[in-house]
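Positions are given from 1, in the same order as the sequence printed here. It should be emphasised that the depicted structure is a prediction, and the values quoted were computed from it without experimental measurement.
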Amino acid sequence: MSLSPVVGSAVADGVAGPESEAMPHTAVSPCLPRHFSNPYADHERVYGPSERAILSRAAFEGAMAEIGAWPGYTPTPLRSLPGLAREAGIDRLWYKDEGARFALGSFKALGGAYAVLRLLAREVTARVPGVPVTALDLVVGRYAKVTRTLTVTTATDGNHGRSVAWGAQVFGCNCVVYVPAACTPGRRAAIEAYGARVVVVDGPYDEAVRRAATDAAEQGWFVVSDTSYTGYMDVPRDVMQGYTVMVEEAISQLPASERPTHVFVQGGVGALPAAVCGHLWESWGRQRPRFVVVEPHSADCLYQSAVAGRPTRAQGDLDTVMAGLACGEVSLLAWAILERGADDFLTIPDEGAITAMRKLADGGHGSRPVVGGESGVAGLAGLLCAAAHEEVRLALGLVPDARVLVFGTEGATDPEVYERIVGRSPEAVADGLLSAAGR
């Protein structure tokens with residue numbers, strides 16, 4: 001077991017400081033990670049019935065058949081980043097780029113909208129017994145008399161709410177989305193663009209979750225959340241199962257003769273890392289990669305849960321540039337996968353994500369420019385932070401022949417925030433991508 005406390009000071013204004021003395025052969029930002037090796041991780045453990053009751057390849061087949069038939073579906077690219085791999089002192093680095101997923105710019109399109117579809121199909125079937133309900137039925141309004149009377153609601157820091165609102169618009173129901181006070185105007189407007197009503201809650205994300213659940217109970221609405229809690233499991237299970245479409249895409253896009261030795265995935269409430277961990281665990285068994293969960297220092301509920309050995313609240317104030325990860329409480333379903341499936345838990349400061357965004361946008365080091373949002377780059381940032389510190393690098397087994405897969409789960413979902421951080425608009429970075437591609 002490794003428990004490495006944070007040492008040193010933060011880098012002012014989110015700008016990377018000098019090269020790390022511990023890793024003089026790299027140019028990786030010396031941001032200060034905090035690492036905990038999970039003593040309950042078990043690579044010999046079989047992915048059994050209790051895990052498959054949450055996530056399974058059988059249920060994935062249904063999600064894939066459904067989502068794969070949606071207009072606009074296409075697998076997002078898996079990008080090789082050879083320069084950043086060299087900088088991190090490893091052999092290979094793959095980045096699953098979700099910035100162009102449907103029209104939403106985030107992997108969340110696979111979860112929230114899919115869960116809305118599943119919920120509406122169940123509700124219509126309950127009211128019109130014996131009639132199978134398809135996505136096409138809902139899209140064309142065949143059961144509009146039913147769906148127009150239904151309202152879905154959720155809490156979000158941005159991307160999940162946009163996905164739920166999009167699903168509600170596409171499949172024909174009403175939508176109310178609760179956001180914490182810190183949610184930016186750009187993210188609120190993006191949700192409202194899909195016809196949802198946005199309610200701003202005076203408090204953090206977890207307070208928005210509670211407000212959505214309370215109002216839903218009073219109004220007879222349906223909560224579509226990516227976090228689960230006692231008495232609320234079915235819909236979050238659908239959300240996570242939708243995310244596994246992205247994981248299977250990545251598996252199929254890897255070079256035929258290569259598999260990652262490590263996967264770094266950002267945390268949040270745990271739904272995303274559980275989906276990735278569970279799918280790889282069932283698919284590859286004991287041969288699955290070492291699995292590392294990455295969170296902000298100030299929003300570390302999964303890290304604290306690993307240390308305590310049970311679901312535990314974050315100890316930080318949830319104030320982080322990685323707004324999509326500003327979650328204080330763990331999803332119980334997600335923890336049921338991660339408590340045995342995750343090998344390591346890592347927390348990083350905000351400047352780690354900021355530096356990763358800029359490195360991707362610069363497109364140097366032999367790779368093309370990539371637009372990566374502040375929450376979406378956290379897995380990559382965790383790798384770069386870990387690689388910059390010898391103790392953490394060794395603890396994670398980041399040896400020179402390591403091959404790492406990360407999930408870039410969002411593009412510039414708030415263009416104004418992105419431009420403030422990177423110094424260029426996402427369009428300017430994208431133009432650089434096209435120019436680099438043409439060279």
Side-chain angles (χ1 to χ4, degrees), residues 51-76 96 98-122 133-136 138-139 152 154-156 158-171 173 175 177 194 222-228 232-252 265-266 268-283 324 331 333-334 336-338 375-376 407-410 413:
E51 289 83 15
R52 286 196 297 273
I54 302 170
L55 295 166
S56 69
R57 288 200 64 92
F60 155 76
E61 297 294 343
M64 183 71 252
E66 178 57 60
I67 294 170
W70 291 357
Y73 170 77
T74 187
T76 55
K96 180 65 169 164
E98 291 291 295
R101 179 68 73 181
F102 290 110
L104 304 186
S106 162
F107 83 110
K108 293 282 189 176
L110 299 171
Y114 177 63
V116 169
L117 167 63
R118 295 265 294 170
L119 186 150
L120 292 180
R122 287 194 295 267
V133 179
T134 68
L136 181 59
L138 298 177
V139 169
V152 295
T154 193
T156 187
N159 291 340
H160 176 69
R162 191 184 307 190
S163 176
V164 171
W166 177 59
Q169 184 182 72
V170 169
F171 300 121
C173 68
C175 184
V177 176
Y194 291 105
F222 298 89
V223 177
V224 179
S225 177
D226 61 350
T227 190
S228 60
Y232 181 73
M233 300 287 180
D234 289 344
V235 172
R237 186 181 290 110
D238 286 339
V239 172
M240 289 194 293
Q241 197 67 69
Y243 295 162
T244 62
V245 169
M246 172 186 68
V247 187
E248 184 68 16
E249 288 178 3
I251 289 175
S252 68
V265 182
Q266 44 271 39
V269 298
L272 168 63
V276 178
C277 180
H279 198 73
L280 294 177
W281 184 355
E282 186 175 15
S283 299
S331 168
L333 280 176
I337 297 287
L338 296 173
S375 299
F407 288 83
T409 50
E410 66 174 7
T413 53

Open item on the list: Once rounded to the nearest 0.5 Å, what's the spacing between atom CD of Glu66 and atom OG1 of Thr134?
Closed with: 8.0 Å

Task: Tyr232 versus Val223, closest heavy-atom pair with distance - done: OH-O, 2.5 Å

Open item on the list: In the structure I gave you, are the side-chain heavy atoms of Phe171 and Val152 within less than 4.5 Å of one another anywhere?
Closed with: no

TODO: Would you indicate whether the side-chain heavy atoms of Leu272 and Phe407 approach each other to under 4.5 Å?
DONE: no

TODO: Would you please test Ile251 and Leu280 for side-chain contact (heavy atoms from CB on, under 4.5 Å) and show each step?
DONE: CA-CA 9 Å; Ile251 289 175; Leu280 294 177; 3.7 Å; yes

- [ ] Taking all heavy atoms of Ile54 and all of Ala336, pick out the closest pair and write down the distance.
- [x] CD1-CB, 3.6 Å

Task: Spatial distance of atom CH2 (Trp70) from atom CZ (Phe102) [nearest 0.5 Å] - done: 6.0 Å

Task: Closest approach of Arg101 to Thr76 (non-hydrogen atoms, all atoms of both residues) - done: NH2-OG1, 3.3 Å

Task: For Glu410, all residues meeting side-chain hydrogen bond (donor to acceptor under 3.5 Å, both in side chains), sequence neighbours excluded - done: Asn159, Thr413

Task: Set of residues satisfying side-chain hydrogen bond (donor to acceptor under 3.5 Å, both in side chains) with respect to Glu51, sequence neighbours excluded - done: Arg45

- [ ] Please report the shortest heavy-atom distance between Ala165 and Cys175, naming the atom on each side.
- [x] CA-SG, 3.8 Å

Open item on the list: side-chain contact (heavy atoms from CB on, under 4.5 Å) for Asp238 and Arg122? Distances and angles first, verdict last.
Closed with: CA-CA 12 Å; Asp238 286 339; Arg122 287 194 295 267; 3.2 Å; yes

TODO: Assess the side chains of Ser228 and Ser331: does a donor N or O sit below 3.5 Å from an acceptor N or O?
DONE: yes

Open item on the list: On a heavy-atom basis, which atom in Glu249 and which in Thr74 lie closest, and how many Å separate them?
Closed with: OE2-O, 4.4 Å

Task: Check: Val224 main-chain N/O paired with Thr154 side-chain donor or acceptor under 3.5 Å - done: yes

- [ ] Would you name the heavy atoms of Leu55 and Glu282 that are closest together and state the gap between them?
- [x] O-OE1, 4.1 Å

Open item on the list: Below 30° counts as parallel, above 60° as perpendicular, anything between as tilted: where do the rings of Phe107 and Tyr243 land?
Closed with: tilted

Open item on the list: Distance check, rounded to the nearest 0.5 Å: Met240 atom CE versus Thr227 atom OG1?
Closed with: 9.0 Å

Open item on the list: Quick check against the 3.5 Å criterion: does Arg237 have a side-chain atom that pairs as donor or acceptor with the backbone of Ala53?
Closed with: yes

Task: Distance, nearest 0.5 Å, that separates CE of Met246 from OG1 of Thr409 - done: 7.0 Å

Task: Separation between NE2 of His279 and OG of Ser56, rounded to the nearest 0.5 Å - done: 10.0 Å

Task: Donor-acceptor contact below 3.5 Å, side chain His160 vs main chain Gly324 - done: no

Open item on the list: Please determine whether a side-chain nitrogen of the Lys or Arg among Lys108 and Asp226 lies less than 4.0 Å from a carboxylate oxygen of the Asp or Glu.
Closed with: yes

TODO: State the OH-CE distance between Tyr114 and Met64, to the nearest 0.5 angstrom.
DONE: 10.5 Å

Open item on the list: Counting C-beta onward and ignoring hydrogens, is there a side-chain heavy-atom pair between Tyr73 and Val245 closer than 4.5 Å?
Closed with: yes

